[in-house]
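Since we're looking at a predicted model, the values are computed, not measured. Below, chains carry the letters A, B, ... as their sequence lines are ordered, and counting in each starts from 1.
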2 protein chains.
Amino acid sequence: MSSVFHGPVAPTPQAIGTLWPLPANTVRLAPDGLLGGWQARNTEATLPHCVARLDTYGNLDNLRRVTGDSDADYRGYWFADTDVHKSLEAAFWSGTAGEFAAETAALLEKAQDPDGYLVTYYQDPDKRDRQWNELHFSHEMYTAGHLIQAAVAAARSAPGDAVAQQVVSVARRFADLLILRYGDSRETDGHPEVETALAELYRVTGHRPYLDLAARFLDNRGHGTLGPGRFGAAYYQDHQPLREVDEVSGHVVRQLYLLAGAVDVAVETRDEALLAKTEQLWDSALDSRTYLTGGQGSRHRDEAYGDAYELPPDRAYAETCAAIASFQLAWRLLLATGKVKYADEMERVLHNAIAASTAADGKAFFYSTPLQRRTGHDSGDENAPGHRLDWYECACCPPNLARLMASLHTYAATGDDSGLQLHLYGAGTFASSGFGVDVRTRYPWDEQVTVTVTDTPAEPWTLSLRVPAWCSDVRLTVNGTPAPARTQDGYLRLHRIWHPGDEVVLTLAMPARLVAAHPRVDAVRGAAALMRGPIVYCLEHADMPAGGTLFEDYELDPASPAAVAFHSTGLFPVTLRVRVRARAPENRPLYRDLRSGGSTAATTTVTAVPYFLSANREPGPMRVWIPLTAQEDQPSP
Amino acid sequence: MSSVFHGPVAPTPQAIGTLWPLPANTVRLAPDGLLGGWQARNTEATLPHCVARLDTYGNLDNLRRVTGDSDADYRGYWFADTDVHKSLEAAFWSGTAGEFAAETAALLEKAQDPDGYLVTYYQDPDKRDRQWNELHFSHEMYTAGHLIQAAVAAARSAPGDAVAQQVVSVARRFADLLILRYGDSRETDGHPEVETALAELYRVTGHRPYLDLAARFLDNRGHGTLGPGRFGAAYYQDHQPLREVDEVSGHVVRQLYLLAGAVDVAVETRDEALLAKTEQLWDSALDSRTYLTGGQGSRHRDEAYGDAYELPPDRAYAETCAAIASFQLAWRLLLATGKVKYADEMERVLHNAIAASTAADGKAFFYSTPLQRRTGHDSGDENAPGHRLDWYECACCPPNLARLMASLHTYAATGDDSGLQLHLYGAGTFASSGFGVDVRTRYPWDEQVTVTVTDTPAEPWTLSLRVPAWCSDVRLTVNGTPAPARTQDGYLRLHRIWHPGDEVVLTLAMPARLVAAHPRVDAVRGAAALMRGPIVYCLEHADMPAGGTLFEDYELDPASPAAVAFHSTGLFPVTLRVRVRARAPENRPLYRDLRSGGSTAATTTVTAVPYFLSANREPGPMRVWIPLTAQEDQPSP
């Protein structure tokens, strides 16, 4: 057996940690499961699509301009290099580095300045005097961070490989330049990202100054050195020192990347107070600023959180990168603390907000994942399109998806001294030194997860199975015999001497559920959402009856029986069937006296489909939150 | 008697028109009425405040840079000249032109290029080559438009005055340059405004090429000549020819200014089809894209309308300039058609969205007038502050308010061949050739409006009194005798021989009302708003009981008796008292099963205050739409 290697986030043995990640090459997702299917689609469709777009959108030419191999104009945003870096990272995690990686690594090396600088936008002769002079705006360290993360993937996944070593060398030269310039500085970058990258580079190299610089950048924030800019200092996460902040705010992706870096630094420096602060901020996001889909970010204007409970479904910004960042942060907190809530959130955001961003064919994407699109939606810009786009001017999301999906197998299970923990249920094999299980399931479409022990030490150990917070009816058999399904801190913990072939069947009952939001969420008052298991459902135009009723005029009758689930084949493995009432078309004024009379309506049964699979048919309106028939509008008995 | 002159919008005798404006100097608002009080405050506080800010924020220095009288850097937005022009217009309408106008007129004349060009941003030597080369962005014609409107005010209000003539000359030179450059062009400006200005300049001068150019600019729109920009062509009102558009969209102020220009051109060219199109578009705004306050614009990102029924109260952009533009458009349509709905909307938007923009002292302003501010509101930028600001980097709104308020008296009444029409009820005197009435009222605080005839021809004529759509109980006496209050097209029309001293008392009953929105307005489902007469009310932090209940946890019990009005003195002439229930503080999760149990709650009586007078006490949360206690949360009897 070749030596094991880790995926993204591999704390050192000295770090604070409750759980440890399984080696990336001892876990595998089966392509016929949902998670493995996503990963396979990523390798086969999304990543090649991204690589192709790097050519057609000029990202690689931007590098070639610097090396003198292209005379094309610079194209894209000033941080367009990061699309290359993220795609490169994805290629390494997916084990498909090959020609793209070799060419790109050579190009990066050739484009890099002698001092290690490598941001092609600012390597333009006209812009060199702006290097390091507009940190609030420049994304220079953000760009360095993504380069470093590609190098981390290269170092871990292909340790002896010459191309991988080339990428690592380039990234280290840039990281060393950062240390030279900023090792004693009070400055920081407008877009956090480099912190987590530097901490990971420390983990790969053991070179402590990388970690120290990450810690310094954290401490440099919150002193207003970046100025207020157009949207205030919180946009840059520079409004208050992180250790003094009580709630998440500002630009969501920047906030979450910053917190990911803070967890990495906290665990490696054994800073319990900083770790507790990241947990507090995570709670503040989850308690009042997270969509039912796990998406975060309510404001388009400054890509920001907005106020507590400000969660409009139609104007949800819910950027795909924010969902990815939320997943990455939750994973770090899960490793650090072992708390089930972090795994629950990973499941939710992965199966809804993140999954919704990619089209069924893996080649089109949502930048923003709103929970409602109205009839006649004004999709004037790429942040609120009516359908997934092939690519984006600001293409941060597609390659970010690619790198996440390429490493998805590493997030499903963990180990600790007691044994093995399964957090995300996907068909596949999960092993660590001496332990091994095989998981078969059609989860989340089916309720059953079958875990077969394939490899075991002689001593007793604990197999821990997460019981999701949404599940109120869990059953268990061990080798065919019903066993008590008592959870402990959110996990079923089966401690025993295991034998190869032992089979555990976990059944997580998945009745359709009607969900309401906290009454302070004004935007969805008087509405309910449909869920089944971890999956959020929605109504979509294509499933509504033909006829004159506007999509927006369907209401859920709360007195009707709950929804029923139907299994089928095709795009939607499980649909829900619900009774709705169609408000009679009428010309009500926009505002009227509260008691000016209700409407009569006919009821009908319609199909609700998984939110993440919506927008794969003809474009049209969609909604997660379905209005409940108002009391005053219900016909007299 | 000196010769009469008109206010803003004075169609020629050849124009399509149903009503005509009364001369500006034969109408007067009494300063002890609400409208007259606003106008007096504008003259005494707001306009001097604006003029002072033009100095401190560099707008006048921008002109002095061009004349060589200042070496300060250019300050503010590229259209900062328009703040000067709007203040100048306000000064002329208010009859307080004086020294500010004299100095400014001289400065404008001196700063103007020999060819007539006058946009100080682009008169910088470094930027001259950009003149006319970035029309999507430059606001050059927009700036010309506001200069022209200042000149129109000067010409009408001070026809023999040398300063006024100087302003007119400067504006005409710029307008003539526009004709020279664009008389045969297919181009147009990114920000509509010059259309209505040119039509008005035609009205003042009789010079037909100004009107022709306005008409040309209208026709030049909608062919994509401005490009998509960042927010799509609708942002520039360039997505479709105006005559083919079916719904308002894009940047709200640009849409409404464009429609104002379209009405002006339509009536002057007797283009019935174009006029009908403007009415259709007005309907589309009012039917699905207007706040209860009359504000328009749901999106911060691109200052745009958004989708039909997308009307979030918290993120209402509802720009003050959009409310002003809506008022100006409605006035034009009222003159053209005589339809009461336009006067109703003028009343609503004036008394709510527009009035709310200015602090009680007249010296602080809201750029955006949302209908909700939450506890802990994240007021990170000047578009969503928690309180009115003294001035703005983008200061379009304050001087726009000043010019509207300075001419407010001209919008209250009209004349036609039949007699006199009263549309907005404010204490004052309203006269035209041979007719005259005196209006005494504390409307909208009091229900009674007393109209006394002061001047009358011998022949019978019709006094028309608007009955607002919100009023379902109207009473009338003529010389103390009850008279039938039959409305005709929304007006009480009293046709008779009048004698000086004849007294009509109109009583418009104003019970407190609970208002609901169309069920398609998702953002305020399950909530009601309080109104009395034309005034929208709100709950404000300062009036809530002391104690631990979060502002957001108060609900209106729909079973409770309707609100009761109290008259008082001080900031709020009339408050409403309503029963609310305070949800017990609890730690509900953000999402929960729909039927997981309601909350117990105590009821209490609180005060609601007029929305437009909110934010004049200590900063804190506010809301217009108050949640109704949900059926499932009502305690069992």
Legend entry - Val521(B) portion near chain A, given a 4.5 angstrom heavy-atom threshold: side chain
Legend entry - Test salt bridge (Lys or Arg N to Asp or Glu O under 4.0 Å) applied to Asp283(B) - qualifying residues, sequence neighbours left out: Lys341(B)
Legend entry - Region of Arg525(A) that comes under 4.5 Å of a non-hydrogen atom in chain B: both
Inset, instruction - Answer yes if the side chains of Ser249(A) and Gln255(A) hold a donor-acceptor pair under 3.5 Å, and no otherwise. - result: no
Inset, instruction - State whether Asp302(B) and Arg230(B) are salt-bridged, where the test is any N-O pair (Lys NZ or Arg NE/NH1/NH2 against Asp/Glu carboxylate O) under 4.0 Å. - result: no
Legend entry - Heavy-atom proximity to chain A below 4.5 Å, by part of Pro627(B): both
Legend entry - Pair Tyr305(B)-Gln296(B), side-chain donor/acceptor within less than 3.5 Å: yes
Legend entry - Side chain, backbone, both or neither of Asp314(B) within contact of chain A (heavy atoms, under 4.5 Å): side chain
Legend entry - Leu286(B) portion near chain A, given a 4.5 angstrom heavy-atom threshold: backbone
Legend entry - Test salt bridge (Lys or Arg N to Asp or Glu O under 4.0 Å) applied to Arg289(A) - qualifying residues, sequence neighbours left out: Glu247(A)
Legend entry - Atom group of Arg513(B) that falls short of 4.5 Å from chain A, counting heavy atoms: side chain
Legend entry - Ala517(B) versus chain A, the contacting section by heavy-atom distance below 4.5 Å: both
Inset, instruction - Run the salt-bridge test on Glu552(B) and Arg374(B) with the 4.0 Å N-O cut-off and return the result as yes or no. - result: no
